[in-house]
Amino acid sequence: MHTPGAAPADTASSAVTATHCPYCALQCGMNLRPEPDGAGVAVEERADFPVNRGALCGKGRTAPSVLSSRVRLTQPLVRTHAGRLEPATWEEALDAVAEGLARTRRSHGADAVGVFGGGGLTNEKAYALGKFARVALRTSQIDYNGRFCMSSAAAAHQRAFGLDRGLPFPLEDIPRTGCVILVGSNPAETMPPALRFFRELRENGGTLIVVDPRRTRTAEQADLHLAPRPGTDLALALGLLHLVVAGGHTDEEFIAERTTGWEEARAGAMAHWPELVERITGVPVPKLREAVRMFCEPSSAMVLTARGPEQQSKGTDTVGAWINLCLATGRAGRPLSGYGCLTGQGNGQGGREHGQKADQLPGYRKLTDPAARAHVAGVWGIDPDDLPGPGRSAYELLDALGSEVKALLLMGSNPVVSAPRAAHVEERIRSLDFLAVADVVLSETAALADVVLPVTQWAEETGTTTNLEGRVLLRRQALTAPPGVRSDLEVLHGLAARLGMPKAFPTAPEEVFEELRRASAGGPADYSGISYARIEAEQGVFWPCPADSRADSPADSPSGEADRPEPHPGTPRLFLDRFATEDGRARFVPVTHRDAAEVPDAEYPLLLTTGRVVAQYQSGAQTRRVEELNEAAPGPFVELHPRLAARIGVADGALLAVTSRRGRAVAPARITDTIRADTVFMPFHWPGEGRANTLTNPALDPTSRMPEFKVCAVRVEPA
Ligand SMILES: Nc1nc2c(c(=O)[nH]1)N[C@H]1C(S)=C(S)[C@@H](COP(=O)(O)OP(=O)(O)OC[C@H]3O[C@@H](n4cnc5c(=O)[nH]c(N)nc54)[C@H](O)[C@@H]3O)O[C@H]1N2
Ligand SMILES: Nc1nc2c(c(=O)[nH]1)N[C@H]1C(S)=C(S)[C@@H](COP(=O)(O)OP(=O)(O)OC[C@H]3O[C@@H](n4cnc5c(=O)[nH]c(N)nc54)[C@H](O)[C@@H]3O)O[C@H]1N2
Ligand code: SF4
Ligand SMILES: [Mo]
C-alpha cells in the first residue's frame, strides 16, 4: 500500500501508469508517462481500454495541466479576522475546521452541520465522506451534486426495475442493436469518444433518433431529429407509446410474462393522441410516426436518456414514460435492448451508491431499511440507533444554509456556479457561520470559505470510480503531489481524529475499499467480490459482483485449490432473466403529461434551457484554468434563432440580457438556426454576469428532488 503523497517506486521511476481521465462518466482509459526531471506527466494513448480505445477529448488530453502548481492550491488557507484568506499550516487549518464544525454542533445540534459531496469523488472518498457525516459528525444533513445530475433517472430506474445502474449493458452493445433513441443527450460535446458507438450502429444498418430542442452536433448525425419544446419529453414519450399501441407494435408476451401495471400505463398513453402531442411538443405527427416505425421495426432497440429529459421538475415521470415505451415493445431485459441513462461525472455512478446521498447507505442501501442500518452499523462498529435518518436533498440543503444548517463541509462541488437559483445559493453560503472547502483549485465557492484545504488530484492518488456502464475502474497514482497538499482521505482522517475518532478513517485508499466491500456486501450495488487486483486484470469489473459464499476466501484470491468456487464474474448485463423487483417483473408506471413549473407568459415569453460545450467541464473550476480549453470556449453565450434575433433587434455577438424571475444574466448573442425560435440556450460553465444559473428555476421533482435546470421562462433583450 502506498502512502498518499509519495509516488510508488515502481511507477515513479519506470514506465507509464495506466489510469483514467479525471472528468466525465465515460472514464476514458489513458496512460500517464512521467516527464523527465519529475516535471509532471504526459498523457499517452491507452488503446486497450474498450470504452474509448485510445480516443480522448480535449479535456482529457489537457488534464495534466491542472496538476501544475501555477493554477492549483498548494497550501491551506484560513480566513483572518481582517476577512482575508491567508496561508496556514495543515495543523492550523484542520484545527480550525474541526473547531468550526464542533462549535456549531455544540450550539445548534448535530443537524446544524452539513456536508456536501460530489460525483467526481472516488468510491473510497464518497464512502468515507458519508461515513464521516454519519459517524464522526452524527448529522443527517449530507447530500451531493449528483442530485443535480442523474437522480431522476435513478429514481425511475428503482421504480421500474428495482435497481439503478446507469446502463444495464456495456457500451459495446450499442452498435449491434437495431435502433437507439437518444433523448436529451449530446455526446458530441459531452462524451466525444462515445460517438463511435453510434457511428458503428449506423454503419451496421441500425438507426439513431435524437430528441433535443437544438440540432446539436449529435442530432446532425442522426437519421431522425425530433426537436420538442423544452420540458415536453413526457408528452412525447406518451405520444410514441400511443402510436405503438395503435399500430399493434406491443409485445403482448413480454408484457404478460415480465411486467406488471400495463393496463394503467396503456390508458395514460391512449389519452395522448398524436395531434395533442404535436400541440404540446411542437413535433409534427409524421415525425412521431416515423420514430415509432424506426424503433419498432428491428428486433432490438434501446432508449438512452441524459440530462435533457431528466433535469425537469417531472424528470422521474418523464424517464418513466420512456421506460414504459421500452417495456411495452419488449425492449428491456433482453439482449441488445433496454433503457439506460448516460450518467455524467467521473464517478457519477459509484458516487451515488456508497452513502453521500441524503437517504442512502453504502452498497446502494436505503437509510430507512432496518436491516441495511444494522449491516452498515456493524461494519462501522456503532449502534444502528446512532445512525441518523435521511436528510435534505442538495438544493434543499443549500437553501437551508445560514438558517437551519449553519456550518458546511464541502468536498467536490462548486455550487456558486452550478446550483440552480445561484445568486440565492451564493447568498445562503455567505450567511453560513462556518464554511470549509476541500478543493484542488480556489473555486468560486472555495473563495467564500473560512478554511480552504488543498487536496491531491486523480494522478496523484489511487482510487476507484464506477463509469456509466457500472464498470468499476482503478485509477493508480502516477506521480507525487506537491508538498503542502493532502488527500481527501487524509483530510477526513485528520478531522475525525480531532473529533475523537483517531482510527475509524483510514488514509490508504485500498484499506477504505476493503471496508467498502464489506459494507456493500449483500446490498444492491454489491462490490464485495471486487478487488484492486481484479480490476486491473480484467479492464474493470461490473457490479453487482458478490464475493463467493465462503467468507474466508475472497473471490480475488488465486484459485489454486480444487474446492474453491469460481469467483463471481461481475454483471455486464442486467435483467436478462429477471428484473430486480421482488417478483422479478418490471413495473409500468402510470404517468400523464404536466407542464413545466414555469411556462412562458407575457412578461417572460421565452424558454431558457441550459447545458454544456465540449471544451469546458461543469462549473469550469478546473477547465477554465486550462489555456487551450479557454481558447476554444472563452466565455458564456446565449444561443438564439435568427427570427428571434431579428424580432428583438440583436446582432450576432452583441450583448444580450436574459431575465428570469430569479435574476438577470448578460452574455453575447450567438445566432443560429439550430435552435427552436421559442427557446434560448446557455451553457452553465461560467461565474459572474454570464452565469446561467442566476436564471434557473429550483423547482424540484417530487420524487428525485432534481431541480428544473432544463426549463424556465425568460425575457431576452439587447443589453
Ligand atoms: N464537455 C463536457 N462534457 C461533460 C460535462 C461538461 O460539463 N462538459 N459534464 C458531464 C456531466 S456531469 C454530465 S451530467 C453530462 C451531461 O451530458 P448531456 O446530458 O449530454 O449534456 P447537456 O448539455 O446538459 O444536455 C444534453 C442536451 O439536452 C438538451 N435539452 C435541453 N432541454 C431539453 C429538453 O427539455 N428535452 C430534451 N430532450 N433535451 C433537452 C440540450 O439542448 C442538450 O443538447 O456530461 C458530462 N460530460
Ligand atoms: N444550469 C445548469 N446547471 C447545472 C447543470 C446543467 O445542465 N445546467 N448540470 C448539473 C450537473 S449534471 C452537475 S453534475 C453539476 C456539477 O457542478 P459542480 O458540482 O459544481 O461540479 P464541478 O464543477 O465538477 O465541481 C467540482 C469541484 O470539485 C473540485 N474537485 C475535483 N476533484 C476533486 C476531488 O477529488 N476532491 C475534492 N475535494 N475536490 C475536487 C473541482 O476543482 C471543482 O471545484 O452541475 C449542475 N448544474
Ligand atoms: S470523454 Fe470524458 S472521460 Fe473521455 S477524455 Fe473526455 S472528459 Fe475524459
Ligand atoms: Mo452531471
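All ligand and atom numbering here is 1-based and tracks the order in the structure. All values below come from the heavy atoms of this structure, side chains included, with hydrogens, waters and symmetry mates left out.
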- Query: Does the ring centre of F132 sit less than 6.0 Å away from the ring centre of F505?
  - Reply: yes

- Item | Polar side chain donor-acceptor pair, Y339 to T305, under 3.5 angstrom | yes

- Message: For N693, state whether at least one heavy atom is located under 4.0 Å from any atom of ligand 2.
- Response: yes

- Considering only protein heavy atoms, which is closest to atom 26 (C) of ligand 2, and at what distance to one decimal place? G412 O, 3.4 Å

- Considering heavy atoms of the protein only, find what lies nearest to atom 4 (C) of ligand 1 and give residue, atom and distance to 0.1 Å. T190 O, 3.6 Å

- Query: F148 vs F709 aromatic rings, parallel, tilted or perpendicular, using cut-offs 30° and 60°?
  - Reply: perpendicular

- Query: Any heavy atom of Q457 sitting closer than 4.0 Å to ligand 2?
  - Reply: no

- For atom 19 (O) of ligand 1, which protein heavy atom lies nearest, and how many Å away is it? R307 N, 3.0 Å

- Task: Just jot down the ligand 2 atoms closer than 4.0 angstrom to any heavy atom of V441, in number order.
- Result: 42 (O)

- Does the N or O separation between T343 and ligand 1 drop below 3.5 Å for any pair? no

- Query: By number and element, which atoms of ligand 1 are closer than 4.0 Å to a non-hydrogen atom of Q345?
  - Reply: 12 (S)

- Considering heavy atoms of the protein only, find what lies nearest to atom 22 (P) of ligand 2 and give residue, atom and distance to 0.1 Å. Q618 CB, 3.5 Å

- Residue, atom and distance of the protein heavy atom nearest atom 37 (C) of ligand 1 read D233 OD2, 3.4 Å

- Identify the closest protein heavy atom to atom 23 (O) of ligand 2: which residue and atom is it, and at what distance? S619 OG, 2.5 Å

- Message: So for ligand 1, is Q311 a polar contact partner (N or O within less than 3.5 Å, distance only)?
- Response: no

- Between G484 and P76, which heavy-atom pair has the shortest distance, and what is it? O-CD, 4.1 Å

- Closest protein heavy atom to atom 31 (C) of ligand 1, given as residue, atom name and distance to 0.1 Å: T609 OG1, 3.0 Å

- Query: Would you say M150 touches ligand 1, if touching means a heavy atom closer than 4.0 Å?
  - Reply: no

- Message: Tell me the contacting part of L121 for ligand 2: side chain, backbone, both, or neither, using a 4.0 Å heavy-atom threshold, strictly below.
- Response: side chain

- Does V711 reach ligand 1, in the sense of a heavy atom lying below 4.0 Å from it? no

- Would you mind running through ligand 2 and noting each atom that sits below 4.0 Å from a heavy atom of N145? 18 (P), 19 (O), 21 (O)

- Item | Short N or O distance, D212 and ligand 1, threshold 3.5 Å exclusive | yes

- Message: If the contact criterion is a heavy-atom separation under 4.0 Å, does V613 count as touching ligand 1?
- Response: yes

- Query: What is the nearest protein non-hydrogen atom to atom 2 (C) of ligand 1, stated with its residue, atom name and distance?
  - Reply: Q616 O, 3.3 Å

- Have a look at R676 and tell me which of D673, T674, D678 forms a side-chain hydrogen bond (donor to acceptor under 3.5 Å, both in side chains) with it. D678

- Nearest protein heavy atom to atom 47 (N) of ligand 2, by residue and atom, and its distance? S418 O, 2.8 Å

- Item | R612 to ligand 2, any heavy atom closer than 4.0 Å | yes

- Among all protein heavy atoms, pick out the one at the shortest distance from atom 43 (C) of ligand 2; state its residue, atom name and that distance to 0.1 Å. D439 OD2, 3.5 Å

- Element-labelled atoms of ligand 1 that are located less than 4.0 Å from some non-hydrogen atom of G344: 10 (C), 11 (C), 12 (S), 13 (C), 14 (S), 15 (C), 46 (C)

